[in-house]
Participant: 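This is the structure I want to talk about, given as structure tokens.
Just so it is clear: chains get the letters A, B, ... in the order the sequence lines come, proteins before strands, and each one is counted from 1. These values consider heavy atoms only, across backbone and side chains, with no hydrogens, waters or symmetry-generated copies.
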Amino acid sequence: MPAENRYEPHAIESRWQRLWEQRGTFHASNPSDADFDPGRPKYYVLDMFPYPSGSGLHVGHALGYVATDAIARRKRMQGYNVLHPMGWDSFGLPAEQYAIQTGKHPAETTALNTANYRAQLKRIGMAYDWSREIDTSSPSYYRWTQRLFGVLFEAGLAYQAEVPVWWCEELKTVLANEEVINGRSERGNHPCERRPLKQWMLKITAFADRLLADLEEIDWPESIEIQQREWIGRSEGAEVDFAVEGLEDEALSVFTTRPDTLFGATFMVVAPEHPLLERLVADEQRAAVEDYARAAAAKSDLERTDLARDKSGVFTGTFAVNPLMDAGEECARLPIWVADYVLMGYGTGAIMAVPGHDERDFEFATRFDLPVIEVVQPPVGTPGAGDGACFSGEGTAVNSGLLDGLPTPAAIARAVELLEDGGTGRARVTYRLRDWLFSRQRYWGEPFPLLHLEDGSITLLPEEDLPLELPVMEDFAPSAEGSAPLARDPDWARTIDPRTGRPARRDTDTMPGWAGSCWYWLRFMDPHNDEQPFSAEAESYWGPVDLYVGGAAHAVMHLLYARFWHKVLHDAGLVSTAEPFQALFNQGMIQAFAYQDATERLVPTDEVEARGGRFFRVGSDEELTQIVTKMAKSLGNVVNPDDIIAEYGADTFRLYEMFMGPLADSKPWNPRDIPGCRRFLDRAWRMLVDPDDPAPVRPRLLEETDAALEGDALFLEREVNRALSRVDDSYERFNLNTGIAALMSFVNEAGKRGGALTRSQAERFLSALAPLAPHFCEELWNRLGHTGPIAHAPWPEVAEASLEEETYELVVQVNGKLRGRTQVSQAAEPAALEAQAAEIVAAQLEGKRLLKAVVVPGKLVNFVVR
RNA sequence: GGGGAGGUGGCGGAAUCGGUAGACGCAUCGGACUUAAAAUCCGAAGGGCGAACAGCCCGUGGGGGUUCGAGCCCCCCCCUCCCUACCA
């Protein structure tokens, strides 16, 4: 007779997914809702929402989502009002490229892709409140993105400037920064160059200090804080003005962090794009300098940095004058060079070169045979300029007039004073952070809610005219000359100012892909509000996000932009907190196996076969090496959750994702390991259900008993509590793999003890497993006779008392080496422990002299002998 | 060059305060059940010497140190992955 009552994940999973949806099991109520329970604390756990790509969700994306889902489910069981939403970051370049590629409109491909993502996530059994789903490319969402851009505009934080943008001659188009990698187009690998165009900029630099300081307030990984700090790159120093010979009306300003080395400056360098370059170049050098500048502009960043280790440059024929020296002195005259190792984008785009104390300047001076002067004496024993080396550390000022003898920090302060007294310099703080280039000459993004009037002024579109919808265009490809696609729809671009009735022109640029993700956590709090982006009531209740989980890839850009907007909104009185994300966690990357041939070339997975634990090219004897690397379409090693769910079920999939290892670690996806998780569920099922009996659960599990436990049941009581305690701990430490291991051990122990399991133990086991294998646990919970969902059941408490044991195993060491073990009473005194331990290792102690006995009650006894 | 994370069996990983290294799972091997297989169950297993479930030695990338005791703390070195890249 076949076993009828087996674990059938597919039937169970579709049933519970349907019931959760019908019953609104995961609906989160806002304070203004009728069913809101103010007695519960709130918990907002957020995933970095995905761009819904055409190839669908893969198991790497799912890792963080499964983890937050388990966390959200557990918090709900612990009595929190949980906000756990999901949506789509669907504007931006990838969507547009995909649409161009497939020849369909991005609105159409986005709808298809989001439908696929939604279905995939539902199949995994996510406990999202789907009624809060948002989509950044839908007018009902971007209406508010446009409104919040208006808040920045009104605050004076949006401005237009001529800024170089990436231009790809091969593709005849402007590319966004994200599309250019090392000076080459991401698609096609064509060389790109920078061209100046009028662009919208957001003044994120005005918030640099607050973005830096408020990192102290939040619970983020150290590594992310460091990356943000470095990206902001605050550096203190001085701006110094150098007079230029033959240029009466303008000085050449430089930024330096080491004004104390001013007397060691032996030449000046300006960037090839420096605005003053044209005016200061001497006639006899003009041709050479112009050639050099042109060549530099054509170089990609890659060539200007990586490959340009050998420094290049050209003398301009002109001299600057050291402001702290007598202009008559010969060494006060500094030749001005142009070189591409100086970047226009940082500081002032010009430097004073101090080859004795700056590696880059030293390299340049060596190359072009320029003088090196020592002005900082290194500490004793450190080679300096006197030894023909470059010393960039701190020391004592020498050869520096009034600075002589001062240690570096004092010399810096004194130099700034001297410059300020002479009116030729001042203390200055510079940031590496630049203002944010916020416009794209692209179609698939939020249109700017702006009107350009004939008098040249720019006004915000009135709020009641929002959303300003994207026109539906047949041809939305970027245009050959770099102008925006929206400019090709004159009916859209030409309009009238509703306030004055005068003709006006719309802005034809669109916002970058990052815009929609700059405030989406706020919209999730109040997603259907059509009066405002979100209500103050919802924001003050749900904010800030308690836990934000996503990949470390977004360590800088997204998180910095999001923090910036949040602060602007905070200043505008729209949000109550200074920071959006209280705690942040980065999940690791899921890697995959790939195969290399003897020349280390990668071989696509479908050309590989395994034979006897080794790997060969299909149908040949060419042996391949298995390596671990990223999942990539080109390698054919991308794993889709749908396939895993079809084979093993969603609960097994979820368990395996979490069982692979700590959430933060990168680890390889190994299909061979998945059945182990399924076998665990099979065993757990049989622990509660007799497969040969049609009864929903084993009959004795329907008995409630308050009789004192004894024997195997008492043993299992301790085991279940031990497991619960380890599960709790695994959530605290984001290593759910250890919690799952504890639950596995419990099932193994229960399996060895036949019918000893009690109903209460089974219930607590299921409750602890429920966030990880929710369908499985709902089904058995229901079979145990519960009417409410396990998703709303209370989280099981650890009964500390039952963890205590009367005896424990005492380890006995001799000279630190394990020599035996013995069972001792929990209450045994140290002297008794020592005596009992000595018996165990009597043979090893025989004839030795006892120097010392280390007794650690609860752990071990160590005899030190000679 | 700078910054970050890491290196533990054949594999993924445990070891929470400096105290039994290798939990749990995979793969492997042996056994039970079966006509047989699958599934399932039970058992073995870091390496070495040994008939041994006796005993001893070695073992957490390498070398040193602190300690009764080090995967964990300190110093030096090697390797891997990720991010970043002339920031004056």
Side-chain angles (χ1 to χ4, degrees), chain A residues 3 6 182 221-224 226-227 229-231 233 235 237 254-258 261 269 301-302 304-306 308-309 311 339-343 345-354 358-361 363-364 392 430-434 552-553 555-556 586 588-589 591 613 626 628-630 655-656 659-662 664-677 679-680 682-683 686 691 726 729 732-733 735 737-745 748 751-752 809-818 820-821 843 851-856 858-865:
Chain A
R6 272 192 307 207
N182 287 330
E222 188 71 23
S223 66
I224 301 289
I226 288 169
Q227 284 183 63
R229 217 165 257 134
E230 294 214 336
W231 189 263
S235 69
V254 304
F255 174 75
T256 176
T257 54
R258 292 295 298 273
T261 62
V269 185
D301 269 12
L302 180 69
R304 279 180 70 160
T305 57
D306 242 25
R309 277 275 167 246
K311 292 201 166 28
D340 65 7
Y341 82 92
V342 170
L343 308 175
Y346 184 77
T348 63
I351 61 158
M352 62 177 206
V354 184
D358 182 285
E359 297 284 353
R360 298 152 301 185
D361 299 344
E363 206 184 306
F364 193 84
S392 55
T430 293
Y431 299 91
R432 180 196 146 125
L433 182 70
R434 322 276 162 81
V556 180
N586 292 128
M589 219 193 316
Q591 299 157 311
Q626 188 182 57
V628 167
T629 182
K630 288 185 204 197
L655 272 175
Y656 177 62
F659 189 63
M660 291 174 75
D665 291 5
S666 290
K667 52 240 159 186
W669 183 267
N670 190 348
R672 239 173 36 171
D673 288 342
I674 302 171
C677 290
R679 282 201 275 265
F680 161 61
D682 285 329
R683 276 199 298 275
R686 286 194 305 270
R726 289 184 58 193
D729 193 57
E732 299 309 315
R733 306 195 313 149
N735 58 356
N737 54 320
T738 63
I740 295 168
L743 292 170
M744 287 174 167
S745 295
N748 292 345
K752 286 177 201 159
E809 194 172 60
L810 182 80
V811 165
V812 187
Q813 298 180 331
V814 176
N815 287 342
K817 284 184 181 165
L818 177 71
R821 296 154 215 222
L851 299 179
K852 186 175 177 182
V854 181
V855 182
V856 185
K859 292 279 184 198
L860 54 73
V861 174
N862 183 16
F863 295 103
V864 185
V865 300

Participant: Does A350(A) have any side chain to side chain contact (heavy atoms under 4.5 Å, CB included) partners at least two apart in sequence or in another chain, and if so, which?
Facilitator: L252(A), V254(A), V270(A), H274(A), T348(A)
Participant: Check whether the side chain of Q813(A) and the base of U20(B) form a donor-acceptor pair under 3.5 Å.
Facilitator: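 Answer is no: no donor-acceptor pair is held.
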Participant: Quick one: list whatever passes side-chain hydrogen bond (donor to acceptor under 3.5 Å, both in side chains) with D682(A), sequence neighbours left out.
Facilitator: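 D682(A) satisfies side-chain hydrogen bond (donor to acceptor under 3.5 Å, both in side chains) with R678(A) once adjacent residues are dropped.
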Participant: Among the candidates A88(B), G4(B), G19(B), find the nucleotide nearest to the side-chain atoms of V856(A).
Facilitator: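 Comparing A88(B), G4(B), G19(B) against the side chain of V856(A), the answer is G19(B).
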Participant: Let's see if you can work this out: which of G4(B), C83(B), C68(B) has an atom nearest to the side-chain heavy atoms of Q227(A)?
Facilitator: C83(B)
Participant: When you compare C79(B) with A52(B), how far apart are their C1' atoms, in angstrom units rounded to a whole number?
Facilitator: 41 Å
Participant: With K859(A), which residues qualify under salt bridge (charged side-chain N to carboxylate O under 4.0 Å, His left out), at least two apart?
Facilitator: none
Participant: Want to settle it: does S666(A) or D361(A) sit nearer the 5' end of RNA chain B, counting the closest nucleotide to each?
Facilitator: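 Looking at RNA chain B, the more 5' nearest nucleotide goes with S666(A).
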Participant: Between protein and nucleic acid, restricted to nucleotides 50-57 of chain B and to nitrogen or oxygen atoms under 3.5 Å apart, what atom pairs and distances do you find?
Facilitator:
from: C56(B); atom 1: OP1; to: Q844(A); atom 2: NE2; distance (Å): 3.0
from: C57(B); atom 1: OP1; to: R819(A); atom 2: NH2; distance (Å): 3.3
from: C57(B); atom 1: OP2; to: R819(A); atom 2: NH2; distance (Å): 3.2

Participant: Return the set of residues passing side chain to side chain contact (heavy atoms under 4.5 Å, CB included) with E809(A) (not counting sequence neighbours), or none when no residue passes.
Facilitator: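 Result, side chain to side chain contact (heavy atoms under 4.5 Å, CB included) vs E809(A): R821(A), Q823(A).
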Participant: Starting the side chain at C-beta, find the nucleotide from G19(B), A15(B), A85(B) nearest to R733(A).
Facilitator: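 Nearest nucleotide to the side chain: A15(B).
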Participant: For P221(A), which contact category applies under a 4.0 Å heavy-atom criterion: base, sugar-phosphate, or nothing?
Facilitator: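 Touches nothing.
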Participant: Go through the structure and list residues passing salt bridge (charged side-chain N to carboxylate O under 4.0 Å, His left out) with R229(A), not counting sequence neighbours.
Facilitator: E216(A), E225(A)
Participant: Would you say K667(A) places a side-chain N or O within less than 4.0 Å of OP1 or OP2 belonging to G12(B)?
Facilitator: no
Participant: Which residues pass the ring pair (Phe, Tyr, Trp, His ring centres under 6.0 Å) test with F364(A), not counting sequence neighbours?
Facilitator: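 F364(A) satisfies ring pair (Phe, Tyr, Trp, His ring centres under 6.0 Å) with F267(A), W337(A), Y341(A), F368(A) only.
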Participant: Taking only residues two or more places apart in sequence or in another chain, which ones pass side-chain hydrogen bond (donor to acceptor under 3.5 Å, both in side chains) with R726(A)?
Facilitator: none
Participant: Choose from C82(B), U84(B), G69(B) the nucleotide whose nearest atom is closest to any side-chain atom of M589(A).
Facilitator: C82(B)
Participant: Can you confirm whether T629(A) sits close enough to Q591(A) that some side-chain heavy atom of one is under 4.5 Å from a side-chain heavy atom of the other?
Facilitator: no
Participant: Determine the stems involving RNA chain B; a stem requires 3 or more consecutive pairs of the Watson-Crick or G-U wobble kind, each with both distances below 3.5 Å, and the answer is none if no such run exists.
Facilitator: B:1-7 with B:78-84, B:10-12 with B:24-26, B:28-32 with B:40-44, B:46-49 with B:55-58, B:61-65 with B:73-77
Participant: On RNA chain B, does the nearest nucleotide to M660(A) precede the nearest nucleotide to N862(A) from the 5' side, or the other way round? Give the residue.
Facilitator: M660(A)
Participant: Protein within reach of the bases, or only the backbone? For nucleotides 22-34 of chain B, mark each nucleotide 5' to 3' as B, S or -, using heavy atoms under 4.0 Å.
Facilitator: -BBBSS-------
Participant: Could you check if the base of C17(B) is syn or anti? Syn means the glycosidic torsion is within 90 degrees of 0.
Facilitator: syn
Participant: Check side chain to side chain contact (heavy atoms under 4.5 Å, CB included) between N670(A) and all other residues, then give those that pass, not counting sequence neighbours.
Facilitator: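 Side chain to side chain contact (heavy atoms under 4.5 Å, CB included) check on N670(A) returns F593(A), Y656(A), R672(A), D673(A).
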Participant: So what does L860(A) hit on the nucleic acid, given a heavy-atom distance under 4.0 Å: a base, only sugar-phosphate, or nothing?
Facilitator: base
Participant: Name all residues meeting the side chain to side chain contact (heavy atoms under 4.5 Å, CB included) criterion together with T430(A); count only those two or more places apart in sequence or in a different chain, and write none if there are none.
Facilitator: S235(A), F255(A), Y346(A), R428(A)
